Amino acid sequence: MKKHLLILALAVVTIAASAQNSALYKIDELIQKGDLVAAAALCDEAIANPKTTKFQELYNKAGQVQLMTFTPELMKASSRVPLDTVVFCTTLDRAVGFYTKSFEASQALDSKGKPVKVEQKIQADTHDRLMAMVDFYNYAAMFCYVNGDQAHAIEYFQKYVDYPKNPAFTQAQRDSLETLNAETYAQTHFNLCLLYYETKNWEHLFSEAPASLKTNFNNHDVYVMLKDAHVQMGDSAKWEQTLIDAATIEGDVGFFNELVSYYAQTGQKDKAVNLVNEMVAKKPQEPVAWFMKGAVESDILDDIEAARKSYQKAIELNPKYTEAYINMGTTYYNEIAHRSENHEFDHFNRGYFNHETEAVFMQETRTIRDIYLEACKYLEKARESAPENPDLWGRRLQRVYNHLRIVYENLDDKATAAEYQKKYDEVGALCE
């Protein structure tokens with residue numbers, strides 16, 4: 001009796017195996033005929049069949065069918081021919097899903113709790129197929145973005161950065177993929193931030209931004225998005241912290257100026273001072289820290305001498321620090337304005353003298369000349385450090401040249417006055 005039961009059980013197994021083999025054969029026949037739609041439907045039917053056990057092979061075959069449907073659309077894209085984005089994305093999703101499940105099926109346990117038999121050839125093919133599709137989600141995301149489909153662009157960019165986590169890859173392979181594609185992943189993290197910003201999805205922007213900032217790809221733009229998002233959320237504390245991070249971590253002078261302007265307008269001088277002192281303490285060899293310290297000392301504390309020492313330190317650390325030369329030169333230009341407000345140059349500013357006041361007028365003129373020459377020295381250094389960018393230093397230098405022309409005319413030095421007129425005209429031409 002037991003023998004007959006055993007024979008019956010074997011017969012059932014044989015019939016089930018034969019049915020699965022039959023499905024696989026039929027799928028192959030449909031593939032040969034080019035009927036991929038019917039082949040895909042038969043794959044789905046076989047996968048849903050409760051008697052199916054050859055999942056490793058069946059999922060691999062299902063992935064093959066989807067990949068064969070996907071490939072013509074990929075070829076169109078590579079040839080810059082219009083493609084069906086829906087087909088491209090859908091079949092890519094299904095192919096990756098089926099190949100992943102094929103791998104997972106090879107790691108499963110049978111009904112007795114023992115590891116299933118691994119078909120090594122199928123396993124190798126599954127792994128190779130998944131490895132070959134690494135970049136395709138990035139393509140899918142870009143196609144969706146170009147088509148104005150922001151939601152799916154976000155979905156596929158996220159799938160692209162998550163792709164190395166596929167269970168079919170070893171840790172070493174994941175690390176290798178992330179290293180090999182680091183630049184593209186950096187761009188993708190930024191793309192996600194941009195899409196969240198465009199769709200006003202602030203919470204997702206906040207959660208994605210740290211990963212993007214870690215890559216150092218377009219960090220300036222990420223901070224702009226963050227501070228704008230915090231404004232939209234009405235969170236002034238986080239807006240301020242974003243500016244602090246951008247200024248201190250990235251050394252971004254533009255954000256620093258915005259922050260200092262905010263502190264000046266709101267009467268928070270101490271915050272500005274503490275911020276730059278902390279920056280210098282943490283990064284004493286960073287020129288930008290000293291530059292920012294000088295900006296606070298000149299613009300908020302109105303301490304020109306302290307500012308000059310800070311700018312000089314920045315210049316010593318970076319002899320080509322254009323902005324430091326400009327700000328240093330500007331302190332001398334501003335010195336004349338401040339001293340004029342205190343009536344130190346009244347005779348010069350009024351433009352007259354008589355026999356009694358001639359000596360005073362000439363002394364004021366020579367003092368002003370010497371200060372403008374100092375301003376000129378640093379602004380010309382700025383020009384030397386960035387000759388290709390007259391927008392930075394041109395107008396300031398031109399203004400000083402003009403003042404020096406006037407000063408030398410008052411000193412009755414017509415030749416030198418003419419030299420500064422020539423320099424004024426030359427810089428003016430560069431700034432047009």
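Values in this document were obtained by computation on a predicted structure and should not be read as measured data.
Looking at Glu104 and Lys101, no side-chain N of the basic residue comes within less than 4.0 Å of a carboxylate O on the acidic one, giving no salt bridge. Checked for salt-bridge contact, Glu374 and Lys377 meet the test: a charged N lies under 4.0 Å from a carboxylate O. A salt bridge does not link Asp125 to Lys121: none of the charged side-chain nitrogens sits closer than 4.0 Å to a carboxylate oxygen. For Asp162 and Lys159, the salt-bridge test fails: no basic side-chain N is under 4.0 Å from an acidic carboxylate O. Ion pair Lys227/Glu258 flagged as a salt bridge, since at least one NZ, NE, NH1 or NH2 atom sits closer than 4.0 Å to an Asp/Glu carboxylate oxygen. With salt bridges taken as basic N to acidic carboxylate O contacts below 4.0 Å, one links Arg94 and Asp44. A salt bridge is defined here as a Lys NZ or Arg NE, NH1 or NH2 lying under 4.0 Å from an Asp or Glu carboxylate O, and Arg174 with Glu178 fails to meet this definition. At a threshold of 4.0 Å, the pair Lys54-Glu119 does not count as salt-bridged, since none of the basic side-chain nitrogens sits closer than that to a carboxylate oxygen. Ion pair Arg383/Glu388 not flagged as a salt bridge, since none of the NZ, NE, NH1 or NH2 atoms sits closer than 4.0 Å to an Asp/Glu carboxylate oxygen. A salt bridge links Glu305 with Arg308: the closest approach of a Lys/Arg side-chain nitrogen to an acidic carboxylate oxygen falls below 4.0 angstrom.
A cation-pi arrangement, defined by a distance under 6.0 Å to the six-membered ring centre and an angle within 45 degrees of its axis, is absent between Arg405 and Tyr424.
The neighbour count for Gln171 CD, taken as heavy atoms of other residues, nucleotides or ligands under 6.0 Å away, is above 12.
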